[in-house]
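Working notes, beginning with the structure itself.
As a basis for the values below, the full set of heavy atoms in this structure was taken, side chains included, without hydrogen atoms, waters or symmetry mates. If you're wondering where the values come from, they're calculated on a predicted model, not measured in any experiment.
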Amino acid sequence: MDYLCNNVPETFTPLSRGFHLVGEVYKLYQEEFKKIMTERQVNTFLFVPIFDNDFFWGFLGFEHCMDVVWDLDVIESIKLITKNISIKINEVRYKEKIGPSFDIFKYYDNGILEGFWELDLVTNELKLSNNWANLLGFSIYEVKQTYEFLKSRYHPDDFLEIEDKRKKFISGEIGEYSGIARVKNKDEKYIWVKYSGSLRRNTNGEAVKLFGTIVDVNDIEVNKIALEESEKKMRFILEHSTDLITQRDINGKYLYVSESSTEILGYTPLELMELNSNYELCHPADLDDLLVKQSNFIHDKSRLSFIFSVQMKKKNGDYVWLEVISKKIIVNHSLVCIQSTARDISLRKKLELQNLKALEREKELYDLKAKFVTMASHQFRTPLTVIYSNAELIEIKTKLLDFKLAENFTAITNRIKFEIERMSELIDNILVFGKYDVRENFSLKIEAINFDEFMTNLIVTYFNHEADGRGVKVVTIGSSKPVQSDTSLLIHIFTNLLNNAFKYSKGKPNPELKVIYLNQKIQIEVIDYGIGVPEQDVKKLFKSFYRASNTSTIVGSGLGLTIVKQFTRMLKGKIKLKTKQNSGTKITITFPYEQK
């Protein structure tokens with residue numbers, strides 16, 4: 001065996017794994033082994049392994065000086081012989097270990113699944129059966145038949161209890177020697193076993209032997225511990241939960257009530273369970289509706305849970321708002337009870353009511369403000385038109401005056417007209433802003449738009465007669481695609497942007513409009529080469545009524561870019577601004593082709 005193990009792996013490996021080996025010498029790979037077999041004039045061979053309790057103990061070897069074919073029936077017969085040899089070896093060695101108790105131990109090993117043990121109380125000699133070893137994952141030859149070995153396998157805390165019981169059992173203080181203990185298996189993990197023992201006495205009544213069994217109860221004990229832990233946790237949750245946890249039958253009678261009922265409703269659990277129904281505490285205004293909903297919930301087999309809010313009467317007569325989550329408890333397809341968790345939401349209800357009143361008040365003020373802005377803006381138009389007309393009339397009249405005096409009058413009327421123009425633009429933007437802000441009067445009208453055609457019409461309509469003769473330089477990149485959008489909002493967006501481009505770039509090259517058709521979106525760039533925006537003003541540009549510090553001499557309301565940004569967002573677009581003082585501004589807007 002040592003030689004095979006160390007020198008002939010091609011033979012040892014299959015044999016140690018339980019396979020027989022049959023072959024011809026000239027086919028062997030191991031030269032030294034082939035040489036030995038050849039010197040002995042072996043042409044063919046058959047090796048059959050022998051195991052002793054799963055341990056590779058040896059093998060039977062058959063050799064032939066001629067080339068022969070081994071009959072399968074012969075091989076099977078030889079295997080049967082080796083199996084019987086294995087059994088006999090195992091029995092002999094086992095008997096040597098167990099001694100006179102061999103027959104009893106053999107009965108326990110063959111007849112039942114319990115592990116048998118025997119302790120000689122005089123010599124302290126210990127015998128452990130094959131099953132005892134197997135329960136812990138050992139073979140009988142791996143366990144030491146000593147009391148110290150037994151002690152080393154038990155959990156220290158449990159062994160103290162076992163020893164104490166043993167002494168009391170032998171002395172007669174207790175009439176039964178049994179219990180549950182933890183024993184360390186071969187993997188060094190503790191498993192739970194149930195142990196029990198009986199006592200044998202001699203003719204003088206002295207205790208001479210203690211013998212008994214162990215049974216693997218690990219699964220049972222582990223599940224029991226897990227259940228106890230689960231019950232502890234559940235009990236802790238029920239006793240310390242701030243929510244009211246209840247179980248009730250389909251008629252509303254309480255079957256279980258948690259301790260928190262005293263804090264939430266003022267009633268003890270017992271007082272609530274003495275009620276005929278939980279509906280007795282329900283607010284009259286909620287009762288009819290709740291009864292209908294509860295009935296529908298109980299009879300609807302597809303619904304397993306139900307959430308509702310209800311006012312419940314406390315013991316002192318006050319009402320408290322509870323938010324209740326009910327769940328059906330079903331056993332064997334039958335509705336056993338309804339379990340609920342309820343929490344006090346009175347403060348939340350109070351705040352909701354306050355918020356509702358505040359929102360109603362805010363809406364009233366909002367509507368009043370919107371109406372006032374609209375009315376005031378319209379009312380301002382008439383006097384502004386009259387003032388503008390009179391300013392023009394003054395200009396006409398001054399032509400009859402002395403040139404020097406006429407020049408003074410003209411400067412005054414120009415200032416009046418400048419302020420009127422600024423006021424008019426402000427009113428126009430406020431009206432547009434107000435229309436957007438009053439959302440109930442504002443809705444998107446999405447339609448397919450030919451964007452090239454739309455921009456052409458917009459430029460012709462609004463920017464074809466600039467006083468300084470400039471126009472919009474249009475560049476289109478990519479193949480035109482229809483865009484789903486709101487025409488009125490697009491008009492506001494691009495008239496504002498192009499108007500700014502002209503207004504803030506007087507004496508500079510024509511503003512540019514680039515339309516770029518990308519795969520997933522359309523990109524529009526409005527570029528001017530004007531005064532730009534100071535760096536410190538850029539972050540505030542999109543705020544209402546804010547104007548850059550270098551625009552004080554140019555008519556404007558400070559609402560244009562705010563409107564552009566809000567309308568762009570409404571159309572699911574994005575806007576970016578790039579600018580530098582005295583170098584111009586580029587505003588980039590992107591829109592999806594479809595409004596989803």
Step through the shown structure and confirm whether more than 12 heavy atoms of other residues, nucleotides or ligands are within 6.0 Å of [atom1] on [X].
X      : atom1 : value
Lys481 : NZ    : yes
Leu359 : CG    : yes
Lys253 : NZ    : yes
Arg569 : CZ    : no
Arg470 : CZ    : yes
Lys314 : NZ    : yes
Tyr462 : OH    : no
Lys328 : NZ    : yes

Roughly how far, to the nearest 0.5 Å, is the [atom2] atom of [Y] from the [atom1] atom of [X]?
X      : Y      : atom1 : atom2 : result
Leu322 : Ile264 : CG    : CD1   : 6.5 Å
Leu291 : Lys293 : CG    : NZ    : 11.5 Å
Tyr254 : Glu271 : OH    : CD    : 12.5 Å
Leu498 : Ile493 : CG    : CD1   : 11.5 Å
Glu323 : Arg343 : CD    : CZ    : 7.0 Å
Ile524 : Phe591 : CD1   : CZ    : 5.5 Å

[X] side-chain N/O to [Y] backbone N/O, donor-acceptor pair under 3.5 Å:
X      : Y      : result
Asn510 : Lys473 : no
Thr461 : Leu458 : no
Asp249 : Asn251 : yes
Tyr190 : Val183 : no
Asp243 : Ile245 : no
Asp528 : Pro511 : no
Gln595 : Leu571 : yes
Asn218 : Trp192 : yes
Ser261 : Tyr267 : yes
Thr579 : Gly584 : yes

Quick one: does [X]'s side chain get under 4.5 Å of [Y]'s, heavy atoms only?
X      : Y      : result
Met455 : Val474 : no
Thr590 : Leu518 : no
Tyr517 : Phe451 : yes
Leu272 : Thr246 : no
Gln520 : Pro592 : no
Leu244 : Val257 : yes
Lys350 : Trp321 : no
Lys357 : Gln354 : no

Mutual orientation of the aromatic rings belonging to Phe494 and Phe454 [parallel < 30°, tilted 30-60°, perpendicular > 60°]: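 Rings of Phe494 and Phe454: perpendicular, as their planes differ by over 60°.
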
Aromatic plane relationship, Phe502 with Phe463 - under 30° parallel, 30 to 60° tilted, over 60° perpendicular: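 Parallel.
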
Tell me the closest heavy-atom pair linking [X] and [Y], and the distance in Å.
X      : Y      : answer
Glu447 : Thr487 : OE2-OG1, 2.9 Å
Ser326 : Ser340 : OG-OG, 2.8 Å
Ile250 : Ile298 : O-CD1, 3.6 Å
Gly252 : Tyr279 : CA-CE1, 4.2 Å
Tyr319 : Cys282 : CE2-C, 4.5 Å
Leu255 : Met273 : O-SD, 3.4 Å

Trace of the side-chain contact (heavy atoms from CB on, under 4.5 Å) decision for Asp157 with Arg182: CA-CA 9 Å; Asp157 295 341; Arg182 289 163 287 182; 4.3 Å; yes

With Ser549 via side chain to side chain contact (heavy atoms under 4.5 Å, CB included) - residues at least two apart: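 Only Pro534, Gln536, Asp537 meet the side chain to side chain contact (heavy atoms under 4.5 Å, CB included) criterion with Ser549.
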
Any side-chain donor near an acceptor of the partner, Thr268 and Thr262, under 3.5 Å: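 No pair is found: no donor N or O on one side chain lies under 3.5 Å from an acceptor on the other.
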
Flag for Asp344-Ser346: side-chain donor and acceptor within less than 3.5 Å: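 On atom types as modelled, these side chains qualify, holding a pair under 3.5 Å.
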
Verdict with reasoning, Thr551 to Ile531, per side-chain contact (heavy atoms from CB on, under 4.5 Å): CA-CA 9 Å; Thr551 61; Ile531 63 174; 4.2 Å; yes

Worked check of side-chain contact (heavy atoms from CB on, under 4.5 Å) between Val564 and Asn500: CA-CA 12 Å; Val564 168; Asn500 284 350; over 6 Å; no

Evaluation steps, side-chain contact (heavy atoms from CB on, under 4.5 Å), between Leu304 and Ile330: CA-CA 9 Å; Leu304 297 178; Ile330 297 174; 4.0 Å; yes

Sidechain N-carboxylate O distance under 4.0 Å for Lys189, Asp187: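 No.
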
Counterpart residues, salt bridge (Lys or Arg N to Asp or Glu O under 4.0 Å), relative to Glu594 (two or more places apart):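 In terms of salt bridge (Lys or Arg N to Asp or Glu O under 4.0 Å), with neighbours along the sequence ignored, Glu594 is linked to no residue.
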
